[in-house]
2 protein chains.
Amino acid sequence: MQAAEAAGMIAAALARRNVVVIVATCTVEYDGRARSRLGEGDRVIIVKSDGTVLVHRPYGSLPVNYQPEGSAVSVRAEGDTLVITAVRPRPSERLTIRVRRIAHLVVAELRDDAEFELWGSEDELRDAIARNPELLLGERLKPVEVEAKLGRVGFADLLMVDEAGNYVVVEVKREEAGVDAVFQLKRYVGYVQRALGGRVRGILAAPSITRRALALLSKEGLEFRRIDPKAAVKAKSGLLGFIGGDEEQSGA
Amino acid sequence: MQAAEAAGMIAAALARRNVVVIVATCTVEYDGRARSRLGEGDRVIIVKSDGTVLVHRPYGSLPVNYQPEGSAVSVRAEGDTLVITAVRPRPSERLTIRVRRIAHLVVAELRDDAEFELWGSEDELRDAIARNPELLLGERLKPVEVEAKLGRVGFADLLMVDEAGNYVVVEVKREEAGVDAVFQLKRYVGYVQRALGGRVRGILAAPSITRRALALLSKEGLEFRRIDPKAAVKAKSGLLGFIGGDEEQSGA
DNA sequence: GCGTGTATATCGCCG
DNA sequence: CGGCGATGTACACGC
């Protein structure tokens, strides 16, 4: 296929808000936040009508080069070469794809209004703990605030009060907690101590914790509570079940 | 196209280590670290021979669902439906794509041995500073260690010694530094002070710094040095130029 | 494989 | 739009 003809097809497709998929031999250059150059090779190129451009090599899950949503995409022929450029102003960056040979050119109008549902995020885990601290933390705690702003230090996932009346800062991690999570919790506990006074406890709630993080946690007088994310989701489903939440299949 | 026929083509293509691109109406389910469900809609599906699977909606730069390199991909027909599953053991997770209608099916053998070159990463910036601290930090510093392991606290980008003989911890950010970078630097300086004693300085080297981070930095007695990433890259090119580095075009 | 940190991270939320 | 934290983050490197 002639480069000029391809350029016309692609421009028209994008104008109709269609998606373009190209399998082609190309080179790629990027200049912006950093700078990169990729020599000639065969790749899959996706251009979406929202300005997203992706260049995929035959291996790896991440695109080797890309330009996110909102880029201005233009297509032109330079002799036998098809040149696709995607530019965005802030941050100022430019992606240039030079296509020598097109193996496949697919234009498609995609209709996709389906909702994407995700369970098991950190937000869900946090809310589940707030609703049922006894089940998930093994202790009767009274929620004071979710995403409590702690001055310039940051946000505590949960601020609660224990049965003795002490403030308890809870830092939730959806996956294994590392040293960073401990430092984060330490900062928050320190802030609450200075701001509200009295004894302040810190709980790190996560499915697991690295050895180093646990050692550091103990040294700092902070506590770890093992959380099962599945249990948390179930706890939520259980609650919602009574007020009309969707029934979840519990299959293996 | 019949689902069974498509399944055969795809399986054969993957066996030949080809890449498969499908534009299709499908539903997607994921179960693993979290759990997700995506109703019926039109998407672009990429299956690479290394086990990478990507599902792209018509908008957005990230795949709505995916499975990274190393997944076991299997394809089968269930009546009129083509079912693609990608499973990996650790972490245990499974992606299931159910294809109702195939608009395009592309199989391609991609040859791509080109090198990907990237300039302006944080590693490059760090090494450039280590090689030329006077030019980039405006001060005569002697490098002691790159990526210096600081016990359980983490790694300092650079550990150096100033002309007065004080240790200097340098934290490098290739973009604007936020409060987190300051806390990180504070931790490192504290550790070096305890471990090696004496006065220990901390320098945050970045193109810019947020207002909050600067306030915190000053309060902690730490220092900020503005770094121009382009200058750092140039410093490197300059050095390499003499020993045979590639000539870079300086076009606008 | 675990632990740690970067990324042209991207994305969403909130002031 | 800046600032900040989460992500099914993925990925590379060191131990």
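Sequence lines set the chain letters: A, B, ... in the order given, protein chains first and strands last, and positions in each chain run from 1. As a basis for the values below, the full set of heavy atoms in this structure was taken, side chains included, without hydrogen atoms, waters or symmetry mates.
Between dA9(C), dG8(D), dT4(C), one nucleotide has an atom nearer to the side chain of F155(B) than all others, and that is dT4(C). With dG8(D), dC1(D), dG3(D) as the candidates, the nucleotide lying closest to the side chain of E176(B) is dG3(D). For Y66(B), the listed nucleotide lying nearest its side chain is dG8(D); candidates were dG8(D), dC11(D), dC11(C). Nearest to the side-chain atoms of Y188(A) among the listed nucleotides dT6(C), dG5(D), dG5(C) stands dG5(D). Of the candidates dC11(C), dT8(C), dA10(D), dA10(D) carries the atom nearest the P68(B) side chain, counting heavy atoms from C-beta on. With distances taken from any side-chain atom of E122(A) to the nucleotides dT7(D), dA7(C), dT4(C), the minimum falls on dT7(D). Listed nucleotides: dT4(C), dG5(C), dA10(D). Nearest to the side chain of R88(B): dA10(D). Here dA9(C) is the nucleotide among dT8(C), dA9(C), dA10(D) with the atom lying nearest to any side-chain atom of E175(B). Of the candidate nucleotides dT4(C), dA6(D), dG8(D), dA6(D) has the atom nearest to the side chain of D157(A). Of the listed nucleotides (dC1(D), dA9(C), dA10(D)), dC1(D) has the atom at the smallest distance from the side chain of R90(A).
Here R212(A) reaches the OP1 or OP2 of dT4(C): one of its side-chain N or O atoms lies under 4.0 Å away. An OP1 or OP2 oxygen of dT10(C) is reached within less than 4.0 angstrom by a side-chain nitrogen or oxygen of R33(A). Proximity of T210(A) to the phosphate of dC2(C): no side-chain N or O atom is located under 4.0 Å from OP1 or OP2.
In this structure, V172(B) reaches neither bases nor backbone, as no heavy-atom distance under 4.0 Å exists between it and the strands shown. Here S121(B) lies in heavy-atom contact (under 4.0 Å) with sugar-phosphate atoms only. Using a 4.0 Å heavy-atom cutoff across all strands shown, K149(A) reaches no nucleic acid atom at all. Among the heavy atoms of the strands, none lies under 4.0 Å from E147(B).
Heavy-atom nearest nucleotides on DNA chain D were determined for D123(B) and for N65(B), and the one closer to the 5' end corresponds to N65(B). Along DNA chain D, the nucleotide nearest to A177(B) and the one nearest to A34(B) differ in position, and the one closer to the 5' end is contacted by A177(B).
Under 3.5 Å, the side chain of D180(A) and the base of dG5(C) form no donor-acceptor pair of N or O atoms. Side-chain N/O atoms of D31(A) and base N/O atoms of dT8(C) include no donor-acceptor pair closer than 3.5 Å.
The closest side-chain donor-acceptor pair between Y30(B) and E93(B) falls under 3.5 angstrom. D50(B) and T52(B) share a donor-acceptor pair across their side chains, judged by distance under 3.5 Å alone.
One P atom belongs to dT4(C), the other to dG8(D), and the distance between them is 22 Å to the nearest Å.
Salt-bridge annotation for R33(A) and E175(B): absent, with no side-chain N of the basic residue lying under 4.0 Å from a carboxylate O of the acidic one. A salt bridge between R126(B) and D157(B) is absent, with no side-chain N of the basic residue lying under 4.0 Å from a carboxylate O of the acidic one. For E29(B) and R98(B), the salt-bridge test passes: some basic side-chain N is under 4.0 Å from an acidic carboxylate O.
With K48(A) contributing its side chain and R57(B) its backbone, the two residues share a donor-acceptor pair below 3.5 Å.
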